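Note that ligands are numbered from 1 as they come in the structure, with each ligand's atoms numbered from 1 the same way. All figures in this text were calculated on a predicted structure; none of them were measured in a lab.
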Amino acid sequence: MSKLTIFKHPLINHKLTIARDENTNMRDFRSLINEIGGLMAYEITRNLPEREVLVKTPICETIGTALAKDVVIVPILRAGIGMVDGIHKLIPQAKIGHIGMYRDEKTLEAIEYYAKFPKDMPESAVLLVDPMIATGGSVVMAIDALKKRGAKDIRLVGLVAAPEGINRIQELHPDVDIYLAALDEKLNEVGYIVPGLGDCGDRLFGTK
Ligand code: PRP
Ligand code: URA
């Protein structure tokens, strides 16, 4: 069974509460989502492997460390894009792949419409990013696509999730650790997370 981490950090909670507020405007919403992404990335990368490197300071040579694995950030379009800048600020050398998914409004089934990844997926730590995990269908399909390209170390970065979605992901991809800012109550009858924060893509990009 994969590890599920729900961050209990006052700064993350504070920012998430403002993001949930329906009166928060698009600009503030986008910056909050990014800021939370950055705060989460610090913890999620805590166990990345390191290797020793020799460095010459202005004083002498010494041994330092560098990341032993490349990091690839993969947002699920569109809403995943909202967390990328915040994470990339912490790991500026990370490459970025993209996977496009949308949910059929009636069936709630995920449909993939775009995928582009760097070549070195099998050797990299992949941070799959989607702020909203509702039925889990989009994430399950995205993980399938990543594994097809050879990715082995996949960590899921979500913001808010419904228990239904998390159960489905853990059942189908028990090797993928999951990191969230909040695990909410349930899904409503049209597949939205309750209490959630509404339609994340629309709030990020002003499309409603
Ligand atoms: C939203 C959200 C997730 C997905 C979650 O995307 O960003 O990707 O729904 O739902 P699921 O867990 O039931 O699959 P949406 O389909 O609204 O597309 P958009 O981000 O392009 O608006
Ligand atoms: N996608 C969203 O943006 N919000 C939800 O509550 C569910 C899916």
Which residue is it: Glu164, Arg103, Glu109? I am looking for the one with a side chain to side chain contact (heavy atoms under 4.5 Å, CB included) to Thr135.
Arg103
Take a 6.0 Å sphere around CD of Gln93 and say whether it holds more than 12 heavy atoms from other residues, nucleotides or ligands.
yes
Ile36 side chain reached by Leu159 side chain, heavy atoms, under 4.5 Å:
yes
Does Glu35 pair with Lys15 as a salt bridge, N-O distance under 4.0 Å?
yes
Those protein residues which place at least one heavy atom below 4.0 Å from ligand 2:
Arg103, Met132, Ala134, Gly191, Tyr192, Ile193, Gly198, Asp199, Cys200
Are a donor atom and an acceptor atom from the side chains of Thr207 and Asp202 found within less than 3.5 Å of each other?
yes
For the CG atom of Asp177 and the NZ atom of Lys3, what is their distance to the nearest 0.5 Å?
5.0 Å
Side-chain donor-acceptor contact under 3.5 Å, Arg203 with Asn25
no
CZ (Phe7) with more than 12 external heavy atoms under 6.0 Å
yes
Does Ile18 reach the side chain of Leu16, with side-chain heavy atoms less than 4.5 Å apart?
no
Mind listing the N or O contacts between ligand 1 and protein, cut-off under 3.5 Å?
{"from": "ligand 1", "atom 1": "7 (O)", "to": "Asp130", "atom 2": "OD1", "distance (Å)": "3.4"}
{"from": "ligand 1", "atom 1": "8 (O)", "to": "Asp130", "atom 2": "OD2", "distance (Å)": "2.5"}
{"from": "ligand 1", "atom 1": "12 (O)", "to": "Ala134", "atom 2": "N", "distance (Å)": "2.9"}
{"from": "ligand 1", "atom 1": "12 (O)", "to": "Thr135", "atom 2": "N", "distance (Å)": "3.1"}
{"from": "ligand 1", "atom 1": "12 (O)", "to": "Gly136", "atom 2": "N", "distance (Å)": "2.8"}
{"from": "ligand 1", "atom 1": "13 (O)", "to": "Arg103", "atom 2": "NH1", "distance (Å)": "2.8"}
{"from": "ligand 1", "atom 1": "13 (O)", "to": "Thr135", "atom 2": "N", "distance (Å)": "2.9"}
{"from": "ligand 1", "atom 1": "13 (O)", "to": "Thr135", "atom 2": "OG1", "distance (Å)": "2.6"}
{"from": "ligand 1", "atom 1": "14 (O)", "to": "Ser138", "atom 2": "N", "distance (Å)": "2.9"}
{"from": "ligand 1", "atom 1": "14 (O)", "to": "Ser138", "atom 2": "OG", "distance (Å)": "2.5"}
{"from": "ligand 1", "atom 1": "16 (O)", "to": "Arg103", "atom 2": "N", "distance (Å)": "2.8"}
{"from": "ligand 1", "atom 1": "20 (O)", "to": "Arg78", "atom 2": "N", "distance (Å)": "3.1"}
{"from": "ligand 1", "atom 1": "20 (O)", "to": "Ala79", "atom 2": "N", "distance (Å)": "3.3"}
{"from": "ligand 1", "atom 1": "21 (O)", "to": "Arg78", "atom 2": "N", "distance (Å)": "3.3"}
{"from": "ligand 1", "atom 1": "21 (O)", "to": "Arg78", "atom 2": "NE", "distance (Å)": "3.0"}
{"from": "ligand 1", "atom 1": "22 (O)", "to": "Arg78", "atom 2": "NE", "distance (Å)": "3.3"}
{"from": "ligand 1", "atom 1": "22 (O)", "to": "Arg78", "atom 2": "NH2", "distance (Å)": "2.8"}

